[in-house]
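Right, one structure below, let's go through it.
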2 protein chains.
Amino acid sequence: MASIKDVAKASGVSISTVSYVLNDDPRIPEVTASKVRQIANEIGYLPSAAARNLKKQNTKTILVAISDFGGPVYHELLDGIQHQLTKEGYTMIVSTGISSVNLLKERSADAAIVTDIHLSNELLIKTAKNFGPIILLDRKLSDEFVYHITIDNEEAMFELTSKAITSRKRNKIAYVHGVTGTYDNQTRFQGFLRAIHSHQISTYSEYFGLFTKQSGEDIVEQIIRKEEPMPDLFICANDEMAIGIMDRLKVHHFDIPNTVGICGFDDIDLSSYVQPQLSTVKIAHREWGMNAALTAVQLIRKEAVTFFVQKGQVIIRDSF
Amino acid sequence: MASIKDVAKASGVSISTVSYVLNDDPRIPEVTASKVRQIANEIGYLPSAAARNLKKQNTKTILVAISDFGGPVYHELLDGIQHQLTKEGYTMIVSTGISSVNLLKERSADAAIVTDIHLSNELLIKTAKNFGPIILLDRKLSDEFVYHITIDNEEAMFELTSKAITSRKRNKIAYVHGVTGTYDNQTRFQGFLRAIHSHQISTYSEYFGLFTKQSGEDIVEQIIRKEEPMPDLFICANDEMAIGIMDRLKVHHFDIPNTVGICGFDDIDLSSYVQPQLSTVKIAHREWGMNAALTAVQLIRKEAVTFFVQKGQVIIRDSF
DNA sequence: GGAGTCCTCCGAAACGTTTCAATAACAAAT
DNA sequence: ATTTGTTATTGAAACGTTTCGGAGGACTCC
């Protein structure tokens, strides 16, 4: 591997001169600089991130740890992060699963933005201490170097549920949980509860899914198999489950929205494709990402951080 | 930041001993090792990737550069790569846009798998020389350190088009290009051409889209606005354009598949949701990813590489 | 009791940068 | 002619690891 030493030798100057040139230091006159640059270019010299990071004690890189590349939700979020980060002169790297853990444990970035429920609180708190700022998007967790920027799920779900309840008379309302214990599920459920209570409704049934389409399908099949009465309004913790439920409901010839209403959360692309189109809550993912990125950079620079609240936007379509 | 030196001092052994312990070297007896481990744990020591990478002259990391996180196609591919890589003891980092360039130019990984048309051949060839093996997924390009693993688009499109042509009598066949000049578009178009020629068809019309749903929609609107005759079979370079076309066709009350047939390529999730369900070609993305990852690792290790050919699977649904 | 063999541990060099402090060369000012 | 100042350049230390080559001690074996 060609190193800075080779460039120095080839251009007849010292290592330090080469380094200054490559970092555009003004104290090197153009005549020397251009010669060095040309030679560096000729031998295809690429600097070593490792050496540079070691010396400078930073990486100019932000790690984004997500739970999986499949989620239809991450696209805009990552886009927003990337956008903001390039603006600030940082590089974004994205990881999942065990790779995220490796990267965290080896201090491979200056800060991390994480939305991956598989990364335990314990690991995060422990790591943050020696790693650098960690910003959580998928849960609330406060610690000295751990921050969070979460969505106001509660309020959004309150609004959506209220709309669903008042749009027509429903008698048997059901809440479909996602993975229990997650921040998203809990806060959305809270919003649901507040909404039905504020409308003097006290009975509701609960079903438990896993945020996946499949788990939504299973819920319907199970209701039918056990011959339980079918709810006439499903408030679902996310769109994927809602769409799964809708699919099976249609197969069994239920009339949506007339006999059964349904709504989701997230406004994934599919939501406006299914028939009828799904009412849901849209999150400004792109802004959320930009926000998180900005916060990360501010924390690294030890500047004052400007925390925003991310709100959801209720979107009423045809599903209830 | 706590370093290995701090651990050494706190546990009363030398730096080298700590290093051996942390790397599970058998020459350190368990009694010493466990003490050191405990102290490292207590002070929350995290090793420095930078220092380690510099010394070992590798990163145990593979970079995957993709064009954008939005594409519905990348999910399984990344999943396959990640799967294979963890099996081989490597960490995967994913990047887009300018971040990819930064990472490439600073030699931040041991190899790269790229499918991002924005990264120029020139950059890739130049970088590969000092970076390490680069494996291209989105084009063919051979150079000393540049490799490619591409899909047999031509054959798959040949089969799909043949099926479409023979399924019923069509008189006005159209090919809908994606971004021209891309490997995918070119090879798919070749397959289309071979198919119609082998069926003694010599006339066809061409439309030019951008691989996006929107561009598909535009094509239909433009045909109608200009009062051109509507084709009765659209062979599209990908699903997204096909779905855009289908959408507008339905709005204008064309009967699919009876008066107009259509097919796509890629088998994105949406393809089985639209009505009628889209005929298309499915790519084994997960295997493709695993394949690419394995190749990358073999190249790094300078082992013999086993190159596979990735084939597409034609899926006939209801759209022609 | 001396030579040989293990076992446990350590010192120091090296990886490729950045950057401080210092030097050399030369012009300008006294 | 010496000092002063400026500009161009350099040497060397430091960043935090890994790992080679030993050192020192305990044990075995004759």
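Letters go in sequence order (proteins before strands), and every chain restarts at 1.
- Minimum interatomic distance between B/Leu54 and A/Ala50 (heavy atoms only, all atoms of both residues): N-CB, 3.6 Å.
- Under the rule for a side chain to side chain donor-acceptor pair (under 3.5 Å), B/Thr115 has no partner lying at least two apart in sequence or in another chain.
- Closest approach of A/Thr127 to A/Leu104, counting heavy atoms only: CG2-O, 3.6 Å.
- A/Lys60 approaches A/Asp110 most closely through the heavy-atom pair N-OD2, 2.8 Å.
- Both A/Arg27 and A/Ser3 lie close to DNA chain C; mapped to their nearest nucleotides by heavy-atom distance, the more 5′-ward contact belongs to A/Ser3.
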**OP:** Could you walk me through whether B/Glu30 and B/Arg37 pass the salt bridge (charged side-chain N to carboxylate O under 4.0 Å, His left out) test, one step at a time?
**Re:** CA-CA 10 Å; B/Glu30 188 49 33; B/Arg37 266 193 285 266; 3.0 Å; yes
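- The stretch residues 98-111 of chain A has no heavy atom under 4.0 angstrom from DNA chain C at all.
- Minimum heavy-atom separation, A/Ser67 to A/Tyr74: OG-OH, 2.9 Å.
- Inspection of the A/Ser14 and A/Thr17 side chains reveals an N or O donor paired with an N or O acceptor under 3.5 Å.
- Five base pairs at each end of the helix from C/dG1-D/dC30 to C/dT30-D/dA1 define two local axes, and these are offset by 60° (rounded to 10°).
- Across all non-hydrogen atoms, the minimal contact from B/Thr61 to B/Ala109 is O-CB, 3.4 Å.
- Salt-bridge annotation for A/Lys129 and A/Glu144: absent, with no side-chain N of the basic residue lying under 4.0 Å from a carboxylate O of the acidic one.
- Atom pair B/Ile28:CD1 and D/dT19:P shows a separation of 14 Å (rounding to whole Å applied).
- Boundaries of the chain A contact region on DNA chain C are C/dG16 to C/dC20, first to last in 5' to 3' order (nucleotide atom under 4.0 Å from a heavy atom).
- For the pair A/Asp25 CG and D/dT7 P, the computed distance is 13 Å after rounding to whole Å.
- Contact of the A/Arg139 side chain with the A/Leu124 side chain is registered, since non-hydrogen atoms from C-beta on lie closer than 4.5 Å.
- Of the residues in residues 8-21 of chain B, those lying under 4.0 Å from DNA chain D by heavy-atom distance are B/Ile15, B/Ser16, B/Ser19, B/Tyr20.
- Here the shortest heavy-atom pairing between B/Asp184 and B/Phe211 reads CB-CZ, 4.2 Å.
- Of the N and O atoms on the side chains of A/Thr150 and A/Gln310, not one donor lies less than 3.5 Å from an acceptor on the other residue.
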Original post:
Please walk me through it: do A/Lys311 and A/Glu287 pass salt bridge (charged side-chain N to carboxylate O under 4.0 Å, His left out)?
Top reply: CA-CA 10 Å; A/Lys311 309 214 80 176; A/Glu287 285 177 37; over 6 Å; no
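- A donor and an acceptor atom, one from each side chain of B/Gln82 and A/Ser99, are located under 3.5 Å apart.
- For DNA chain D, the residues of residues 45-59 of chain B within the heavy-atom distance limit of 4.0 Å (strictly under) are B/Tyr45, B/Leu46, B/Pro47, B/Ser48, B/Ala51, B/Arg52, B/Lys55, B/Lys56, sorted by number.
- A side-chain N or O of B/Arg52 and one of B/Asn23 form a donor-acceptor pair less than 3.5 Å apart.
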